[in-house]
Amino acid sequence: MNPLVFARWGATCADFRANTGLSQDGALEMFPFLRDLPANVVAVLSGKGFLVFEEGFNFVQLVREYVDQIQARYCCGKCLTGIKGTKMLQIALGKIARGEGEESDLALLERVGAILDEAAKCSVCQSSGELVKDGLRYFRRQFIDAISSGLPEQNLSYMAKISAPCMTTCPCHIEIPTYIELLQETRYAQALSTIREEMPLAGVTGRVCPAPCERACTLANMGKPPIPIKVLKRVPADYEMLHNLPAPLEKLPLTAPPVAVVGAGPAGLAAAYYLNRLGHPVTMFEALPAPGGMVGVGIPPYRQPREVLTREISVIRDLGVDLRNGVALGRDVTIQALFEQGFKAVFLGIGSHKSVPLGIKGENEGIQGVFSGGIDFLRALNLGLNVTVGDKVIIVGGGNTAIDCARTCLRLGSTEVHVVYRRTEKQMPSDPREVEDAMEEGAIFHFLTQPVEILWTDGRMKGLRCIKMELGEPDASGRRRPVPVEDSEFDMEADTLIPAIGQKADLSFLSPEDEIEITRQGTIKVDKHTMMTSRSGVFAGGDAVSGPLTVVHGVAGGKLAARMMHSYLTTGRCAPLPDQEMDEILQAVEKQTHILVTPRPETRLGGRDLQKKLDMRERLSTFEEVESGLSQHSSYIESSRCLRCFHLVLAAVKREDYGAAGSRQ
């Protein structure tokens, strides 16, 4: 990596300009995220501090650019301190940069910086005051030199983006603090518009997202309950739906080249939505009888009511997106045929709908009561097919699909539902809140337990032979590998088995003529920056590329692909955009969530679970939604707790390397 010259990151300060005994290896120990920064970065300023990588770099120019960006684009205008304070900093720094400053300007900068640090409403303007004070403390000589001779010419470009720990952790980078503040002001339409800029499925993800943003919330890292970001996201979507309000989205003229989207799951819906917003006529092809993908057929309605998904898909269709259900790629149409029909680009968002087998004795014997997989079980049920389960059910797996199968079987009348998982409860990849609900509803969990054989008589399942496991050495994922305990086999009585250990993409429709490369993991190979496959004009995203992840990851992949497809079709180029490089920088500098952005005390108490849940006696007799969301009053209380810790991240990059790929090694 380029040598670190100076850093103040959070409360850690490291000066490598003098012989202080600090080494560059020591820098990586203090700031491990430096490895993830692009190689052309010279300096970074943010609400968490600053990093300088080039000897002789002029900090005055960097902090001046930071304040200029805030004044020009990011000052919200909601507090006089922020408006006036950053303007005063901008004027004083401008004078100094031109060589017209005076010694008294340094005192002014210190005084105004202190006021902003103490009194600005949010971290955007507050951080500018703190960084000006840092500059005067650590680079005062540069300020004094600039007063007399101005700033030297620097061959640099600047990239800037607003950020917050929650925003960066969100795969879709939704402006979370903005919509939360709008909710506090009960401006629901504007809040939903803010969400839709980055996420067209607010009602869906407000229910089923695993909410990594909440783990990054500054309040959580201060030891307090985080803002309930996920549930707050559904508030404006539910308001629009329950009041039957039309989505305030303008129907645009579709004059750009036409595009085909294969798959109407989260990735496909997102790609279609953003391509439409960019002016492309979009036709979607969905193999199933109804759109929605895994959201529609893989998530039970007690978690994801069908009317919410239907509403959000209808919003997309009303914009002019043509949807054709029951059309399968390979069976009814080919990639080449789509191009021959006049589509100029194709997006593949086919999901991961193929169950992974257990690989145990008896699985392929056609035994009655043994399902092929959890996804197959849920799909059949959600499509209205006749699905029967027995009294004693065993689910194998530890993900959300396994938990969904368990809770579904309880609602179908099973008297005993057992979940068998080969690792510990802490290692389960499923949402802990879903596990807690399943336990409350009566599901019985068996951890560190591995199935080895299905027991059956006369073609019917009668039980499952298992073996106890213990944790051994870590595997490739970093988790300790479960290993069998000798002589610990035991039998569990059951008449139904639902394997739910994973799923993968079914790519059997692809032929050599399609020219689509497949990875060793059985996913579609794409350029991670452009989402283009090995065939020019064919893009892909979602679970078929990443493997099974979440709805929000699928939307993020579809959105990025839409932007790349638009660039490819309108400019003839398909290359990473400058803000993708900035996103890479943001991912690095926001990685250490324990480094807080100008932390302040919480102004309103809250943080308790304000969602109402369906009574337990009613839950198991219906597929009605369990969680009701937040009331208007609860929404106000929780949104009022937000610390507004979004901040500007500014990166100085070498101009000749601008946009180049690479990382610090």
Side-chain angles (χ1 to χ4, degrees), residues 297-298 352-383 385-410 412-425 427-430 438 442-472 475 481-506 508 522 548:
V297 300
S352 292
H353 290 256
K354 188 175 182 180
S355 294
V356 174
L358 290 173
I360 63 174
K361 187 176 179 181
E363 187 176 15
N364 299 317
E365 299 294 334
I367 302 168
Q368 187 175 345
V370 177
F371 284 85
S372 56
I375 285 300
D376 306 320
F377 166 72
L378 292 171
R379 184 193 304 116
L381 191 68
N382 287 317
L383 288 175
L385 303 181
N386 185 27
V387 177
T388 303
V389 294
D391 289 332
K392 296 183 178 181
V393 181
I394 295 176
I395 317 290
V396 180
N400 284 328
T401 298
I403 306 305
D404 286 341
C405 290
R407 297 180 70 187
T408 294
C409 288
L410 289 167
L412 291 175
S414 299
T415 55
E416 284 186 25
V417 175
H418 299 261
V419 179
V420 170
Y421 182 54
R422 68 193 188 111
R423 298 180 185 268
T424 65
E425 179 179 358
Q427 292 175 316
M428 292 184 83
S430 54
I444 303 164
F445 284 76
H446 304 265
F447 300 109
L448 291 172
T449 302
Q450 172 89 19
V452 294
E453 181 183 354
I454 299 170
L455 307 176
W456 53 290
T457 302
D458 298 327
R460 294 185 60 87
M461 179 180 177
K462 68 174 186 178
L464 184 69
R465 182 157 294 158
C466 300
I467 189 169
K468 285 292 183 182
M469 310 292 281
E470 61 184 3
L471 295 180
D475 60 16
R481 184 193 305 273
V483 294
V485 176
E486 191 175 351
D487 298 327
S488 65
E489 289 190 355
F490 66 99
D491 295 344
M492 295 177 64
E493 183 181 345
D495 51 24
T496 305
L497 174 67
I498 304 177
I501 62 170
Q503 58 256 24
K504 58 184 179 180
D506 183 357
S508 58

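Residue numbers start at 1 and run along the sequence shown. Excluded from the calculations below are hydrogen atoms, water molecules and symmetry mates; all remaining heavy atoms, backbone and side chain alike, are included.
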Donor-acceptor contact present, side-chain [X] to main-chain [Y], <3.5 Å:
{"X": "Glu363", "Y": "Leu358", "result": "yes"}
{"X": "Ser488", "Y": "Ile467", "result": "no"}
{"X": "Asp495", "Y": "Asp391", "result": "yes"}
{"X": "Arg379", "Y": "His353", "result": "yes"}
{"X": "Thr401", "Y": "Ala500", "result": "no"}
{"X": "Glu365", "Y": "Gly362", "result": "no"}

Interatomic distance, [X] atom [atom1] to [Y] atom [atom2] [nearest 0.5 angstrom]:
{"X": "Glu493", "Y": "Leu455", "atom1": "CD", "atom2": "CG", "result": "10.5 Å"}
{"X": "Ser355", "Y": "Gln503", "atom1": "OG", "atom2": "CD", "result": "6.5 Å"}
{"X": "Leu448", "Y": "Glu425", "atom1": "CG", "atom2": "CD", "result": "11.0 Å"}
{"X": "Cys405", "Y": "Leu410", "atom1": "SG", "atom2": "CG", "result": "11.5 Å"}

Counting only heavy atoms not in [X], do more than 12 fall under 6.0 Å of its [atom1]?
{"X": "Glu489", "atom1": "CD", "result": "yes"}
{"X": "Asp458", "atom1": "CG", "result": "no"}
{"X": "Lys468", "atom1": "NZ", "result": "yes"}

Residue pair [X] / [Y]: nearest heavy atoms and the distance that separates them:
{"X": "Gly390", "Y": "Ser414", "answer": "O-OG, 2.8 Å"}
{"X": "Phe371", "Y": "Thr388", "answer": "CZ-O, 3.6 Å"}
{"X": "Thr457", "Y": "Lys462", "answer": "OG1-CD, 3.4 Å"}
{"X": "Val420", "Y": "Pro451", "answer": "CG1-CD, 4.1 Å"}
{"X": "Gly399", "Y": "Pro429", "answer": "CA-CG, 3.9 Å"}
{"X": "Ile367", "Y": "Met461", "answer": "CG2-N, 3.4 Å"}

Reference residue Val417; test side chain to side chain contact (heavy atoms under 4.5 Å, CB included); the match among Ile395, Thr496, Ile394, Ile444:
Ile395
Identified side chain to side chain contact (heavy atoms under 4.5 Å, CB included) partner of Leu378 from the options Val387, Thr408, Leu383, Ile498
Thr408
In this structure, which one of Arg422, Arg423, Arg481 forms a salt bridge (charged side-chain N to carboxylate O under 4.0 Å, His left out) with Asp475?
Arg423
Within a strict 4.5 Å, meaning less than it, do heavy atoms of the [X] and [Y] side chains meet?
{"X": "Gln450", "Y": "Pro484", "result": "no"}
{"X": "Phe377", "Y": "Asp404", "result": "no"}
{"X": "Phe447", "Y": "Met428", "result": "yes"}

Between Arg465 and Lys361, is a side chain to side chain contact (heavy atoms under 4.5 Å, CB included) present by the stated rule, with each step listed?
CA-CA 10 Å; Arg465 182 157 294 158; Lys361 187 176 179 181; over 6 Å; no
With sequence neighbours excluded, what pairs up with Tyr421 under the ring-ring contact (aromatic ring centres under 6.0 Å, His included) test?
none
Show your reasoning for whether side chain to side chain contact (heavy atoms under 4.5 Å, CB included) applies to Leu464 and Ile454.
CA-CA 5 Å; Leu464 184 69; Ile454 299 170; 4.1 Å; yes
Those residues at least two apart in sequence (or on a different chain) that pass salt bridge (Lys or Arg N to Asp or Glu O under 4.0 Å) with Asp506 are none
